[in-house]
There are 2 protein chains.
Amino acid sequence: MAEISEAALQLFEDRGLEAATVEEIAAAAGVSQRTFFRYFATKEDAALPVHREFEDAVEAAVQQADPDADPCTELATVYLRVLQDFADHACPAAQRMLRVSRLVRREPLLRSALVRHGAARNSRLLQALQARFGPSGAADLQLRVAVELCTSLARAAVETWAERLEAGREAVLPDIFADAQLLAQRGRSGHLPAVP
Amino acid sequence: MAEISEAALQLFEDRGLEAATVEEIAAAAGVSQRTFFRYFATKEDAALPVHREFEDAVEAAVQQADPDADPCTELATVYLRVLQDFADHACPAAQRMLRVSRLVRREPLLRSALVRHGAARNSRLLQALQARFGPSGAADLQLRVAVELCTSLARAAVETWAERLEAGREAVLPDIFADAQLLAQRGRSGHLPAVP
DNA sequence: GCCAATATGGCAGATACTGCCATATTGGCA
DNA sequence: TGCCAATATGGCAGTATCTGCCATATTGGC
């Protein structure tokens, strides 16, 4: 599985996402095409197991969140912590994430796949939140916003992180995420219609 | 094009997204399969021209935004206005949007396609914002956050809107969007690490 | 009535992806 | 060690999505 993903990343980097066929990837990884599709539902998914790990970590951490606190804040804290884990260790995960992010930047189709992949995850995350924070009637919007907000900010943060590193600038992923969160909150505008 | 989309919606509703083939859709719309793919890049896209209209409207409205104001606030205002246009008129667009949203709820693959579609749009929107609000060096994160935030909140709002209507509750789309925005801002937490 | 531009159709073909069955590999357990 | 069940892998045929190419129809101005 790691071999397949590695082969896929290599080929995507070398000859582009569309030019690389599943057959080539499978051959490069030393497995059959059929086996490839047992591990990855689509060609693009082969580049994204790092994100899967990340989201697994988030999902696990949500189980320990404080059920009485504000869901949005709790989820943001979870994300921040997981981001720190990924970034701190100078661990291989961060390296792979950066590698994928570079690919995502120049391959719109891969970015679509990433977001698409996130969409499926968001549903699961929403259910996990509902289980933890209770399906209080009016909270449908609140939990949805928490999920969409945090995943979007995380994505924006990762992309900005990758972009800055590529431009030779310094960039600390958790800091960027915190920045993004502040930016999202600052847009508090006075002229939006009041809500009952 | 409208006929193709209508036929696609009908078939998706009747026999499900995966069971309906492009050949059937094309036949139902009275065109060839080849023509279908001239108008829609993928089968799923045939259900999403309403969203395309919506995003076109947003993109157009961004051209009139105040370049000196806060981008995030400006973009949110644009979204709110376009949402009002779509909802106010009791126009067919709102009806179609609702119809698609119902499909999206029970067809995860369609939701993926929707998000994937949005991903491509976000890139364009980001460029439009950069053109309007200027590529001021440190603003890369700010504009990205604005885009991700607004599109995510809009998606959450539309889904909640559809869900509430389906449950027989009252629901006003622009109000829900404003609600979502407030919820996103309320998560201002004190214990996040300070950012330089 | 003519011509250019554009829309559509038909067809062959590449690639992604799935179902089914056979075979290999693994990992306990007697 | 030898055996058996569970699991991983391979092969292959088939379907569906999507594209390139060329021919034909349709439209719209002059």
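Chain identifiers are assigned alphabetically (A, B, ...) following the order of the sequence lines, protein sequences preceding nucleic acid strands; residue numbering begins at 1 within each chain.
- Distance CZ (R15(A)) to C1' (dT15(C)): 15 Å, rounded to an integer number of Å.
- Rounded to an integer number of Å, the gap from E18(A) CD to dT17(D) P is 19 Å.
- Checking dG9(C), dT17(D), dC17(C) against every side-chain atom of T42(A), the shortest atom distance belongs to dC17(C).
- The nearest heavy atom of DNA chain C to V31(B) and to Q33(A) marks one nucleotide each, and the one closer to the 5' end goes with V31(B).
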Dot-bracket for DNA chain D, 5' to 3', with Watson-Crick and G-U pairs under 3.5 Å, [ ] for crossing pairs and | for other-strand pairs: what is it? ||||||||||||||||||||||||||||||

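- At the phosphate of dG9(C), OP1 or OP2 sits under 4.0 Å from a side-chain N or O atom of T35(B).
- Crowding of R81(A) atom CZ: a count of heavy atoms from other residues, nucleotides or ligands under 6.0 Å not exceeding 12.
- What separates CD of E24(B) from P of dT15(D) is a distance of 15 Å, to the nearest Å.
- Of the candidate nucleotides dC17(C), dG10(D), dT17(D), dC17(C) has the atom lying nearest to any side-chain atom of K43(A).
- With respect to the salt-bridge test (charged N to carboxylate O, under 4.0 angstrom), the residues E53(B) and R96(B) qualify.
- The pair E55(A)-R124(A) fails the salt-bridge criterion, with no side-chain N (NZ, NE, NH1 or NH2) lying under 4.0 Å from an Asp/Glu carboxylate O.
- Nearest to the side-chain atoms of R34(B) among the listed nucleotides dA7(C), dC11(C), dA16(C) stands dC11(C).
- Atom CD of E44(B) is separated from atom P of dT17(D) by 9 Å (rounded to the nearest Å).
- For F36(B) and dA16(D), the CZ to C1' distance is 12 Å, given to the nearest whole Å.
- No engagement by F40(B) is indicated, since no non-hydrogen atom pair under 4.0 Å with the nucleic acid exists.
- You'll find the side chain of E59(A) reaches within 4.5 Å of the side chain of R121(A), heavy atoms only.
- Rounded to whole Å, the distance from CZ on F37(A) to P on dT15(C) is 12 Å.
- Rounding to whole angstrom units, CG of residue L17(B) and C1' of dC17(C) are separated by 15 Å.
- For the salt bridge (charged side-chain N to carboxylate O under 4.0 Å, His left out) with E166(A), the qualifying choice from R106(A), R102(A), R105(A) is R105(A), the only one to do so.
- Atom CG of D45(A) and atom P of dA16(C) are 13 Å apart (whole Å).
- Salt bridge annotation for R169(A)-E163(A): absent, with no cationic side-chain nitrogen under 4.0 angstrom from a carboxylate oxygen.
- Nearest to the side chain of Y39(A), among dT17(D), dA8(D), dA7(C), sits dA8(D).
- Nearest-nucleotide positions on DNA chain C place E23(A) closer to the 5' end than the other of R38(A) and E23(A).
- By the 6.0 Å contact criterion, CD on E170(B) is open, its count of non-hydrogen atoms from other residues, nucleotides or ligands being 12 or less.
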